[in-house]
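Letters go in sequence order (proteins before strands), and every chain restarts at 1.
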2 protein chains.
Amino acid sequence: MKPQLSDNLCFALYTASNALTRAYRPLLERFDLTYGQYLVMQALWLEDKVSLTELSRQTRLDPGSLTPVVKRLEGKGMLTRTVSSEDERRKVIALTETGQALQQQAAVVKSELEQKTDIDPQVIDTLRRHCLTLADQLAKV
Amino acid sequence: MKPQLSDNLCFALYTASNALTRAYRPLLERFDLTYGQYLVMQALWLEDKVSLTELSRQTRLDPGSLTPVVKRLEGKGMLTRTVSSEDERRKVIALTETGQALQQQAAVVKSELEQKTDIDPQVIDTLRRHCLTLADQLAKV
DNA sequence: GCCAATTAGTTAGCGCGCAAATCAATAGCG
DNA sequence: CGCTATTGATTTGCGCGCTAACTAATTGGC
């Protein structure tokens, strides 16, 4: 067996991540969401009325990436961005009723995708945890 | 423990992949390469003089994504793109001497990154293989 | 041999993810 | 108090990754 791209973890990870967002695309289309937007919505479903910096910490995404995503979600009526009264530098990002209601509707998406990949749940869990520790270690550099 | 974004495999994978390209950036900077360009170079180091379609198969990247990347690498003098004589639709992508020579110089990059993450090699290998099977399963949909 | 179908590659448009530069508001220190 | 340093958020510029639409070359069926 001669050496292959798939021998490298970085390739495997990159490929899996691309495959994931590709697989999510058709499922999220009916909600008019991209994967990045869906990620932000998930964060807000877990904790509403947060600042952009807090959202950045939770999603592990750059504020510069987040601003346009949040603006687009605002444009779709999913959330509001209001200047904080305590600290006028901050913007409080809060779900609208539409944004809250979407949580129930979008709940099927995850299970739809899981159905299409029949991987042992325990494998999924170790994969998940190993990805997180890797991400942490890479971030520490 | 209340539910978190990191409970989801998709989040873990997405985060790890972003962290990876972020970690590669400073290491590849001195070669004037992005991670995507480095990936294409790796593919060519393994098999030179291939068509764009073949490169697309090996890198698991869309031809539409690949064309501009390959053009940029051509602009940097790393490779040439010549129309195939047998089939004039095809373009043969071939490394230049500069492109070939880069392989030795860039060999350090991988080990540099490995040093910064002290994860059990066996864990890396299972992580790698699980990512590949996940990617395959997601692609089959 | 001809014409429709397929295949190879490109282009345009969109939405990222990030770094760097910028601006406004607040904190902190003398 | 006043001035600097820090913090929160935005903007700009770049390079992706993908879809869809397109062009050009080749294949295949009749």
Side-chain angles (χ1 to χ4, degrees), chain A residues 11 13-29 32-41 50-57 59-76 81-93 135 138-139, chain B residues 11 13-29 32-41 50-57 59-76 81-93 135 138-139:
Chain A
F11 174 77
L13 208 50
Y14 195 66
T15 300
S17 177
N18 286 340
L20 192 94
T21 64
R22 216 179 300 147
Y24 262 113
R25 202 184 310 273
L27 301 180
L28 291 174
E29 203 166 35
D32 190 26
L33 290 179
T34 64
Y35 180 72
Q37 292 164 11
Y38 174 59
L39 181 57
V40 168
M41 290 304 287
V50 293
S51 68
L52 192 94
T53 305
E54 182 55 30
L55 203 55
S56 166
R57 250 191 294 273
T59 58
R60 301 244 206 296
L61 287 174
D62 197 84
S65 309
L66 236 32
T67 295
V69 173
V70 170
K71 277 192 177 177
R72 265 175 223 117
L73 287 171
E74 185 187 29
K76 292 176 185 177
R81 302 186 309 139
T82 44
V83 175
S84 167
S85 48
E86 297 121 39
D87 185 341
E88 297 197 351
R89 291 171 302 182
R90 283 195 172 169
K91 290 234 170 115
V92 177
I93 297 160
L138 289 172
Chain B
F11 173 77
L13 207 51
Y14 195 66
T15 300
S17 177
N18 285 342
L20 191 95
T21 64
R22 215 178 303 147
Y24 262 112
R25 202 184 311 271
L27 301 180
L28 291 173
E29 204 166 34
D32 190 27
L33 289 180
T34 65
Y35 180 71
Q37 293 163 12
Y38 174 59
L39 180 57
V40 168
M41 291 303 287
V50 293
S51 67
L52 192 94
T53 304
E54 181 56 30
L55 203 56
S56 166
R57 249 192 295 275
T59 58
R60 300 245 204 297
L61 287 174
D62 197 87
S65 308
L66 236 32
T67 295
V69 173
V70 170
K71 276 191 176 177
R72 265 177 222 115
L73 287 171
E74 184 188 28
K76 292 175 185 177
R81 302 186 308 140
T82 46
V83 175
S84 166
S85 49
E86 298 123 39
D87 185 341
E88 297 196 351
R89 291 170 304 182
R90 282 195 175 170
K91 292 235 170 113
V92 177
I93 297 161
L138 289 172

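- When the salt bridge (Lys or Arg N to Asp or Glu O under 4.0 Å) test is applied to R81(A), the partners found at least two apart in sequence or on another chain are E74(A).
- In terms of phosphate contacts, K91(A) brings a side-chain nitrogen or oxygen within less than 4.0 Å of OP1 or OP2 of dT10(D).
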Please enumerate all protein N or O atoms sitting under 3.5 Å from an N or O of nucleotides 19-27 of chain D, with distances to 0.1 Å.
{"from": "dT26(D)", "atom 1": "OP1", "to": "E88(B)", "atom 2": "N", "distance (Å)": "2.9"}

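- In this structure, R81(B) does not reach the dG9(C) phosphate: none of its side-chain N or O atoms is under 4.0 Å from OP1 or OP2.
- Listed by chain and residue number, R57(B) satisfy the salt bridge (Lys or Arg N to Asp or Glu O under 4.0 Å) test with E54(B) (two or more places apart in sequence, or in another chain).
- Between dC16(C) and T34(A), a contact under 4.0 Å exists linking OP1 or OP2 to a side-chain N or O.
- Residues that satisfy the salt bridge (Lys or Arg N to Asp or Glu O under 4.0 Å) test with D87(B), not counting sequence neighbours, are R89(B).
- Residues that satisfy the side-chain contact (heavy atoms from CB on, under 4.5 Å) test with P68(A), not counting sequence neighbours, are R72(A).
- For the OP1/OP2 pair of dG9(C) and a distance below 4.0 Å, the side-chain nitrogens and oxygens of K71(B) include no atom meeting the criterion.
- In this structure, T67(B) reaches the dT10(C) phosphate: one of its side-chain N or O atoms is under 4.0 Å from OP1 or OP2.
- Scored by the salt bridge (Lys or Arg N to Asp or Glu O under 4.0 Å) test, R60(A) finds D136(A) as partners (sequence neighbours excluded).
- Remark: T21(A) is not in phosphate contact with dC18(D), judged by side-chain N or O atoms under 4.0 Å from OP1 or OP2.
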